[in-house]
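First the structure, in the form of structure tokens, and then the observations on it.
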Amino acid sequence: MGIIKVRNIRVYAYHGCLDEEGKIGSEYKVDLAVKSDLSKSAKTDNLADTVDYVHLNRIVKEEMSVRTKLLETVADRILTRIIDEIPIVKKATVEVSKVNPPIGGNVALVTIKMSKKK
């Protein structure tokens, strides 16, 4: 087994419970880790035998573009698509961070972390 990580995917999105968040948006960063058997691709040197991180990045960008109130909701959608669309993935973990959240203080990030297994 192996782990492929895609870190610090930066997107601008419109998530949040406040009306203003839906209008002005915010910066987000997403980190992914997917666990799968990488032994075949290590031998074949063939992209079709591994997890294509371009596909992972596309899933994140597409799901982050759909407005939600909660980061948990968008994280769950990202995980579901990874598990459903990439057959060799056995487990996926995603961290979604809102940069400079509007919570009345000097806070750099708020992060949620979720995982899903096959």
Side-chain angles (χ1 to χ4, degrees):
M1 289 305 252
I3 297 173
I4 294 176
K5 295 180 180 181
V6 183
R7 293 186 175 156
N8 208 19
I9 302 169
R10 293 186 175 266
V11 295
Y12 200 87
Y14 298 87
H15 305 299
C17 294
L18 302 174
D19 288 338
E20 298 83 39
E21 293 173 298
K23 293 174 185 167
I24 62 173
S26 185
E27 183 181 345
Y28 294 81
K29 75 178 208 68
V30 179
D31 297 308
L32 291 176
V34 295
K35 187 174 183 180
S36 64
D37 184 352
L38 302 177
S39 61
K40 183 177 180 181
S41 60
K43 290 179 180 38
T44 66
D45 197 29
N46 188 340
L47 180 60
D49 294 331
T50 192
V51 178
D52 184 352
Y53 45 82
V54 172
H55 189 173
L56 294 173
N57 187 57
R58 183 174 56 248
I59 289 171
V60 168
K61 288 187 174 187
E62 288 173 0
E63 293 305 327
M64 288 296 290
S65 71
V66 178
R67 175 163 163 60
T68 62
K69 291 180 182 175
L70 300 178
L71 297 181
E72 294 89 324
T73 304
V74 71
D76 185 65
R77 286 198 320 257
I78 290 168
L79 290 170
T80 298
R81 282 195 55 196
I82 290 170
I83 294 295
D84 289 350
E85 293 179 20
I86 307 173
I88 69 168
V89 171
K90 302 299 180 207
K91 179 181 178 184
T93 301
V94 64
E95 292 183 49
V96 180
S97 301
K98 181 181 279 194
V99 179
N100 298 317
I103 60 174
N106 187 7
V107 178
L109 302 169
V110 172
T111 302
I112 63 100
K113 180 177 182 179
M114 295 173 63
S115 297
K116 192 173 276 197
K117 293 180 185 178
K118 268 197 181 153

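All residue numbers in this chain count up from 1 along the given sequence.
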Exercise for review: Please assess R77 against T68 for the test side chain to side chain contact (heavy atoms under 4.5 Å, CB included), listing each intermediate value before the final yes or no.
Suggested key: CA-CA 11 Å; R77 286 198 320 257; T68 62; 2.7 Å; yes
Review point. Is the shortest heavy-atom distance from the side chain of L70 to the side chain of I112 under 4.5 Å?
Key: no
Check your understanding: Would K113 and D31 pass as an ion pair if we require N to O under 4.0 Å?
Key -> no
Practice item. Report yes or no: do V99 and Y28 belong to one cluster of Ile/Leu/Val/Met/Phe/Trp/Tyr joined by side chain heavy-atom distances under 4.5 Å? Key: no
Check your understanding: Taking the side chain as C-beta and beyond, is there a heavy-atom pair between D76 and K116 under 4.5 Å?
Key -> yes
Review point. Is any side-chain heavy atom of V94 closer than 4.5 Å to a side-chain heavy atom of V60?
Key: no
Check your understanding: Heavy atoms, side chains only, cut-off 4.5 Å: are P102 and E21 in contact?
Key -> yes
Exercise for review: Indicate the atoms forming the closest heavy-atom contact of R67 with L18, along with that distance.
Suggested key: NH2-O, 3.6 Å
Point to revise | V89 backbone acceptor or donor facing K118 side chain under 3.5 Å | key: yes
Review point. Looking only at heavy atoms, which two atoms of A33 and K5 are closest? And how far apart?
Key: CB-CG, 4.0 Å
Exercise for review: Show the numbers, then the answer: is there a side chain to side chain contact (heavy atoms under 4.5 Å, CB included) between I82 and L56?
Suggested key: CA-CA 7 Å; I82 290 170; L56 294 173; 3.9 Å; yes
Review point. If two hydrophobic side chains count as joined below 4.5 Å and joins carry through other members, does I9 share a cluster with Y53?
Key: yes
